[in-house]
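Comments concern the structure below.
Quick caveat: nothing in here was measured; it's all calculated off a predicted structure. For the single chain, residues carry numbers from 1 onward in sequence order.
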Amino acid sequence: MRACALAALTGVSLLCAGAALPVLAQEAGPPARAYVSNERSSTVTVVDLASGKAVAQWPVGKRPRGIAMTREGKYLLVCAGADNTVELRDPQTGALIANLPSGADPEQFFPSYDGTLLFAANEDDGAVTAIDLATRKVAWQLPVGKEPEGIAQSPDGKWLLVTSEEDNTVSWIDLASRTVRTAMETDTRPRHIEFTADGAQVWIAAEVGGVVQIADPATQAVTGTISFAPPGVPAYKVMPCGIRFTPDGKTAVVALGRADAIAVVDVASATVRGYVKVGGRPWHLAILPGGTRALVANGASNDLSVVDLTTLKVTATIPAGDGPWGVALGG
């Protein structure tokens, strides 16, 4: 039955309990794997998207959270926050290749668009560290607000944005001069940043504020706010975190934390199209190829929810490690 559930994720046609699962041709092709960081068990769960199987559970450094592929797809990057390092790993075998100097307690990071640097938010240091991926040394470090977490580079490469959970601000760093140009105020406890692909907007998840705020990079000011009200969920449990956009840029998917749900949002109108109840406390997610499915990491229920973004239904649940936090696609 586990293979049957995974087939719903990948579009592999299997006969399960007498019913044939449909082949999802639009989901075919790369990436081949999903990598899930498990914060409490210090492992990475590897899901093979072609065969429909969870193929490995790799031990990694302590308290892994941020997880991503390098831009060229050669390496898997894992933030091992309690070890004060970013691990560079072989995405095929899980073998540790190098520990990158990352500053204290890296939580989230962002590989630069040109592939040369890795920007890491250092929660304990109140800083951002830029790591040279060729030399595997620190290129530079810059103070930002207290308890930085969310971090993202603008698509034009000019700006690096870093949230401050304690100061309730977003630092706009001019990468040419390596200076903070603006400390933009946000709602309470901003935790994640996501630019639209065209760079026209940046979406900021304010966890305790219970909202996503939209900012204009041209003015570096908040221009809109999206509120959430999942059916039957008290407002205090709505705690937005991870945000991802579909490849066509028309839809945003927002993990709502203790609400045990995700919100599916129309980007053009900034209105919620619907909610999907998933596992316990979803943190982050990935959009699968084709843009019709999301893979959501549920930190409290120790599993992944596969969500059909067209029907707004969970089509499969996949066991993971203890405390799934982030999802990266690659391999």
Side-chain angles (χ1 to χ4, degrees), residues 9 31-49 54-70 73 75-100 102-111 118-124 131 148-152 191-194 205 207 241-244 253 255 257 262 278-288 294-306 317-331:
L9 164 62
R33 289 177 163 188
Y35 303 92
V36 183
S37 56
N38 300 304
E39 182 178 9
R40 292 190 297 273
S41 60
S42 296
T43 59
V44 166
T45 298
V46 184
V47 177
D48 183 273
L49 300 180
V55 295
Q57 189 98 323
W58 296 334
V60 295
K62 295 177 183 177
R63 203 182 182 194
R65 288 173 289 178
I67 188 166
M69 297 293 295
T70 53
Y75 300 112
L76 179 69
L77 298 159
V78 183
C79 263
D83 288 338
N84 299 324
T85 189
V86 172
E87 297 181 339
L88 192 73
R89 289 185 174 269
D90 184 324
Q92 298 303 314
T93 66
L96 179 64
I97 296 168
N99 281 303
L100 303 179
S102 63
D105 193 17
E107 185 163 353
Q108 288 199 52
F109 51 36
F110 194 93
L118 180 68
F119 303 114
N122 303 125
E123 189 169 29
D124 287 353
I131 306 157
E149 179 175 345
I151 186 166
R191 294 206 64 175
H192 185 76
I193 298 173
E194 198 78 12
E207 183 185 39
C241 191
I243 304 169
R244 288 289 185 265
V253 182
I262 60 169
V278 291
R281 197 164 188 176
W283 285 112
H284 290 275
L285 63 135
I287 306 293
L288 296 177
L295 185 58
V296 183
N298 303 311
S301 55
N302 300 331
D303 54 25
L304 310 170
S305 294
V306 184
T317 300
I318 305 166
D322 191 3
W325 194 93
V327 185
L329 301 178

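Looking at Ser37, its side chain does come within 3.5 Å of a backbone N or O of Gly326 through a donor-acceptor pair. Judged purely by atom type and a 3.5 angstrom limit, Thr85 uses its side chain to pair as donor or acceptor with the backbone of Leu100. Between the Asn84 side chain and the Asp105 main chain, a donor and an acceptor come within less than 3.5 Å of each other. With Tyr35 contributing its side chain and Gly330 its backbone, the two residues share no donor-acceptor pair below 3.5 Å. For the pair Asp48 (side chain) and Ala54 (backbone), a donor-acceptor distance under 3.5 Å is absent. Side chain of Gln108 to backbone of Arg191: a donor-acceptor contact under 3.5 angstrom is found. With Glu87 contributing its side chain and Val60 its backbone, the two residues share no donor-acceptor pair below 3.5 Å.
Side-chain contact between Val36 and Ile67 is absent, with no heavy-atom pair separated by less than 4.5 Å. Under the 4.5 Å side-chain criterion, counting only non-hydrogen atoms from C-beta, Val47 is in contact with Leu49.
Residues Thr317 and Asp303 have side chains that never bring a donor and an acceptor to within less than 3.5 angstrom of each other.
Across every non-hydrogen atom of Val327 and Ala34, the tightest pair is CG1-CB, 4.5 Å. For the residue pair Ala152 and Phe110, the shortest heavy atom distance occurs at CA-CD1, 3.7 Å. Heavy atoms only, all atoms of each residue included: Asn302 and Gly299 are closest at OD1-O, 3.7 Å. In terms of heavy-atom proximity, Pro64 sits nearest to Ser42 at CD-CA, 3.5 Å.
We find the CD1-CG distance between Ile151 and Asn122 to be 8.5 Å, quoted to the nearest 0.5 Å. Note that OG1 of Thr70 and CZ of Arg89 are 14.5 Å apart. Values are rounded to the nearest 0.5 Å. Expressed to the nearest 0.5 Å, how far CG of Leu295 lies from CG of Leu285 amounts to 8.5 Å. Rounded to the nearest 0.5 angstrom, Ile262 CD1 and Ile243 CD1 are separated by 13.0 Å. Here the CZ atom belonging to Arg244 is positioned 8.5 Å from the CD1 atom belonging to Ile287, to the nearest 0.5 angstrom. Note that CG of Asn298 and CH2 of Trp325 are 14.0 Å apart. Values are rounded to the nearest 0.5 Å.
The side chain to side chain donor-acceptor pair (under 3.5 Å) check on Glu39 picks up Arg63, with sequence neighbours excluded.
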Verify side chain to side chain contact (heavy atoms under 4.5 Å, CB included) between His192 and Glu207, making sure each step is shown before the conclusion. CA-CA 9 Å; His192 185 76; Glu207 183 185 39; over 6 Å; no
Run the side chain to side chain contact (heavy atoms under 4.5 Å, CB included) check on Asn99 and Val86 step by step: do they pass? CA-CA 6 Å; Asn99 281 303; Val86 172; over 6 Å; no
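Salt-bridge check for Glu149 with Arg65: failed, with every basic side-chain N at 4.0 Å or more from each acidic carboxylate O.
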